**Student:** 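One structure, as structure tokens, below. Some questions next.
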Amino acid sequence: MAAVMWFRRDLRLADNPALLDAVSAGDGRVVALFVLDPRLWDRAGDPRREHLAASLRSLSESVDGQLVVRRGDPVEVVPALAGEVGATSVHISADHAPYGQDRDTEVEASLNCPLVATGSPYAIAPGRILNQQNRPYQVFTPYFRRWLEHGWRHPVDPPAKVDWIAADGDNLPDSTAEGAGEQAALDHWRDYLDDVGRYDDERDRPDLDSISRMSIPLKYGEIHPRTMLADLARKRSAGAEAYRRQLAWREFCADLLARHPEAAWKPLRPEFERMEYDEPGDAFEAWCEGRTGFPFVDAGMRQLAESGFLHNRVRMVVASFLVKDLHVHWRLGARWFMRSLRDGDLASNSLNWQWVAGCGADAAPYFRIFNPIGQGLKFDPDGEYVRRWIPELRHLDGKAAHEPLKHGGADGYPAPIVDHAEARREALRRYDAIR
Ligand SMILES: Cc1cc2nc3c(=O)[nH]c(=O)nc-3n(C[C@H](O)[C@H](O)[C@H](O)COP(=O)(O)OP(=O)(O)OC[C@H]3O[C@@H](n4cnc5c(N)ncnc54)[C@H](O)[C@@H]3O)c2cc1C
């Protein structure tokens, strides 16, 4: 007898209730499976592929080298493996994203044994938080209040002993990514916890190193948010409180996407279907490459291209710039982010783009348009962040790096590709036309 543990977005052994169920169902004998699904693998950009491959290597070590990786359509691969090893059940943690839900329904229908879903990548599974009328929340703050009241389970330990059963598999993909895997995630998190007190005051400053970058291990399930929430509960600082609130944003996004799968690429506010956007031409290319002539925007886009990561404040500013200064559809920006980010996550990405573009459930009012220079001066007050990512501006001291034209210009650095005041007026005109 054996059970199959089909790992997906839960690449860890600790705090993994689905794995505990697999161990119990298989009487200690478990086949660890990961399916490299071409539909997901081919669409992911290099940063995600690299991280996933490194994380799988780490998981493989944790299961005594017996991780079975197979390429193909899960609807064929999972039942085939389950049949080969005579599995009595296949175990997963639930996937609430649109593709994952459909896939799991199909896999379940093709299996000759039960597909058992236990837990999810969230502290509280999407769909659970309802208001007094038993309806889902559209607005974050009341959702957050209810989320706190609802509470979550304690983390569970890794299984004491597992007999990992071998089966034929494909080669693990190569990777040069560093810092992937469960142990790296836990080490990074425990180090960061010492500094979480600074989070409340400094989290909007991309020039400082006060954010956690935990979106990456969370994306791959190298750590569960329950583990993080349990640690935060012991901290009792304003920083820890602020951090917990951000984790709730992640859950709110997943909740919204589970209820509105179309929100991945369609505006939640229907009037935005009529919004006029420009074709993505040279301006879109300049945005992708960090050559818009707006230093804060360009620093962000270069950081994204070079490192596969971007600070939340800068994500908001570059997204706003694309939609409201260049008048390009948020969907194109969201797609570029999904290809470029190591933490690219459909729910957090699409719902945050919708938030910035003004068409989300609890979106920023459309008419509040970020001034890309003002945002830089406010959140990178000494120009450190801009100089870090734009070598052409390194000769400019302090704030001057945000306004090169005012300070003699910079060789090789472009002039602004739009006039922000004019672009803002045009954005408001287009918004008025759909209200
Ligand atoms: C346009 C845009 C696109 C985004 N795309 C993604 C994405 O693809 N994947 C992703 O994980 N996050 C995305 N975010 C949310 C947020 O920017 C990142 O989670 C955060 O910057 C990751 O860095 P961190 O882990 O250091 O965050 P920290 O500031 O340390 O926050 C801690 C954790 O809280 C959660 N969190 C924080 N802010 C948000 C938020 N606004 N929405 C949802 N969760 C949040 C994340 O899990 C994060 O790891 C996006 C935000 C914007 C504005």
Side-chain angles (χ1 to χ4, degrees), residues 4-12 18 31-63 65-82 90-108 110-111 115 120-121 167-182 184-185 215-222 254 257 261 264-265 304-305 307-309 331-332 334-350:
V4 171
M5 173 65 200
W6 175 16
F7 287 96
R8 296 105 62 92
R9 286 189 55 187
D10 51 353
L11 306 181
R12 64 179 188 281
V31 181
L33 169 69
F34 187 90
V35 183
L36 271 181
D37 178 348
R39 268 175 294 185
L40 297 177
W41 179 260
D42 295 348
R43 259 186 254 153
D46 285 342
R48 270 195 286 150
R49 280 198 283 259
E50 285 270 318
H51 190 97
L52 174 61
S55 196
L56 290 176
R57 286 175 177 272
S58 162
L59 181 65
S60 182
E61 276 174 32
S62 309
V63 299
Q66 302 296 5
L67 180 67
V68 180
V69 174
R70 287 197 181 174
R71 278 171 209 275
D73 181 348
V75 178
E76 287 160 18
V77 171
V78 179
L81 178 79
V90 174
H91 295 261
I92 54 172
S93 64
D95 188 338
H96 296 268
Y99 174 72
Q101 284 197 359
D102 292 348
R103 174 203 56 208
D104 291 351
T105 306
E106 278 190 63
V107 169
E108 190 171 22
S110 315
L111 273 169
L115 180 70
S120 79
D168 288 342
D170 295 317
N171 286 338
L172 275 166
D174 290 332
S175 174
T176 52
E178 287 177 7
E182 180 174 10
S215 54
I216 299 166
L218 280 167
K219 154 81 195 165
Y220 302 87
E222 295 163 342
L257 187 66
W265 308 113
L304 178 62
S307 73
F309 186 79
R331 212 162 33 215
L332 290 163
R335 213 170 277 154
W336 182 258
F337 265 34
M338 284 303 282
R339 287 198 78 81
S340 310
L341 282 168
R342 194 158 151 187
D343 66 17
D345 169 81
L346 191 64
S348 291
N349 190 50
S350 292

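The figures that follow rest on heavy atoms only: side chains count, while hydrogens, waters and symmetry mates do not. Note that the structure is predicted; figures quoted are calculated from it, not measured.
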**Student:** Not counting sequence neighbours, which residues clear salt bridge (charged side-chain N to carboxylate O under 4.0 Å, His left out) with Arg331? List them please.
**Tutor:** none

**Student:** Applying side chain to side chain donor-acceptor pair (under 3.5 Å), can you list everything that pairs with Arg9, at least two apart in sequence or on another chain?
**Tutor:** Asp345

**Student:** Can you list everything that forms a ring pair (Phe, Tyr, Trp, His ring centres under 6.0 Å) with His91? Sequence neighbours excluded, please.
**Tutor:** none

**Student:** Got a sec, which residues hit salt bridge (charged side-chain N to carboxylate O under 4.0 Å, His left out) with Asp174, two or more places apart in sequence or on another chain?
**Tutor:** Arg57

**Student:** Indicate the atoms forming the closest heavy-atom contact of Glu178 with Arg342, along with that distance.
**Tutor:** O-NH2, 2.9 Å

**Student:** Would you give the length of the straight line joining atom CG of Leu67 to atom CG of Leu56, rounded to the nearest 0.5 angstrom?
**Tutor:** 6.0 Å

**Student:** Between CG of Leu59 and OH of Tyr220, what distance do you get to the nearest 0.5 Å?
**Tutor:** 14.5 Å

**Student:** More than 12 heavy atoms of other residues, nucleotides or ligands under 6.0 Å from CG of Asp168: yes or no?
**Tutor:** no

**Student:** Start with the C-alpha gap between Trp6 and Asp104, add the side-chain angles, then the distance that decides, and say whether side-chain contact (heavy atoms from CB on, under 4.5 Å) holds.
**Tutor:** CA-CA 11 Å; Trp6 175 16; Asp104 291 351; 3.8 Å; yes

**Student:** Mind checking what makes ring pair (Phe, Tyr, Trp, His ring centres under 6.0 Å) contact with Phe7, not counting sequence neighbours?
**Tutor:** none

**Student:** Residues two or more places apart in sequence or in another chain: which of them pass side chain to side chain donor-acceptor pair (under 3.5 Å) with Asp10?
**Tutor:** Ser93

**Student:** What pairs with Ser340 under side chain to side chain contact (heavy atoms under 4.5 Å, CB included), at least two apart in sequence or on another chain?
**Tutor:** Leu304, Trp336

**Student:** With a 4.5 Å heavy-atom cut-off, do Leu52 and Leu11 have their side chains touching?
**Tutor:** yes

**Student:** Excluding sequence neighbours, so at least two apart, what forms side chain to side chain donor-acceptor pair (under 3.5 Å) with Ser120?
**Tutor:** none

**Student:** Suppose we screen for side chain to side chain contact (heavy atoms under 4.5 Å, CB included). Which residues come up paired with Glu50, at least two apart in sequence or across chains?
**Tutor:** Ser175, Thr176, Ala177

**Student:** Show the numbers, then the answer: is there a side-chain contact (heavy atoms from CB on, under 4.5 Å) between Ser215 and Phe309?
**Tutor:** CA-CA 10 Å; Ser215 54; Phe309 186 79; 3.7 Å; yes

**Student:** Report the residues that fulfil salt bridge (charged side-chain N to carboxylate O under 4.0 Å, His left out) with Arg49, sequence neighbours left out, ordered by chain and then residue number.
**Tutor:** Asp46

**Student:** Could you give the distance from CD (Glu106) to CG (Leu111), rounded to the nearest 0.5 Å?
**Tutor:** 12.0 Å

**Student:** Under the side-chain contact (heavy atoms from CB on, under 4.5 Å) criterion, do Asp170 and Leu36 qualify, and how do the steps go?
**Tutor:** CA-CA 9 Å; Asp170 295 317; Leu36 271 181; over 6 Å; no

**Student:** Working to the nearest 0.5 Å, report the span between CG of Leu81 and CZ of Arg70.
**Tutor:** 4.5 Å

**Student:** Are the side chains of Leu257 and Leu346 in contact, using a 4.5 Å heavy-atom criterion?
**Tutor:** yes

**Student:** Locate the shortest heavy-atom distance separating His96 from Gln101; write the atom from each residue and the value.
**Tutor:** O-NE2, 3.3 Å

**Student:** Drop me the distance from Ser55's OG to Arg48's CZ, to the nearest 0.5 angstrom.
**Tutor:** 14.0 Å

**Student:** Run the salt bridge (charged side-chain N to carboxylate O under 4.0 Å, His left out) test against Asp73 and tell me which residues pass, sequence neighbours left out.
**Tutor:** Arg39

**Student:** Where do Pro79 and Pro74 come nearest, in terms of heavy atoms and distance?
**Tutor:** CD-O, 3.5 Å

**Student:** Rounded to the nearest 0.5 Å, what separates atom CG in Asn349 from atom CZ in Phe337?
**Tutor:** 7.0 Å

**Student:** In chain order, what residues pass the side chain to side chain donor-acceptor pair (under 3.5 Å) check against Asp95, with sequence neighbours excluded?
**Tutor:** Arg103

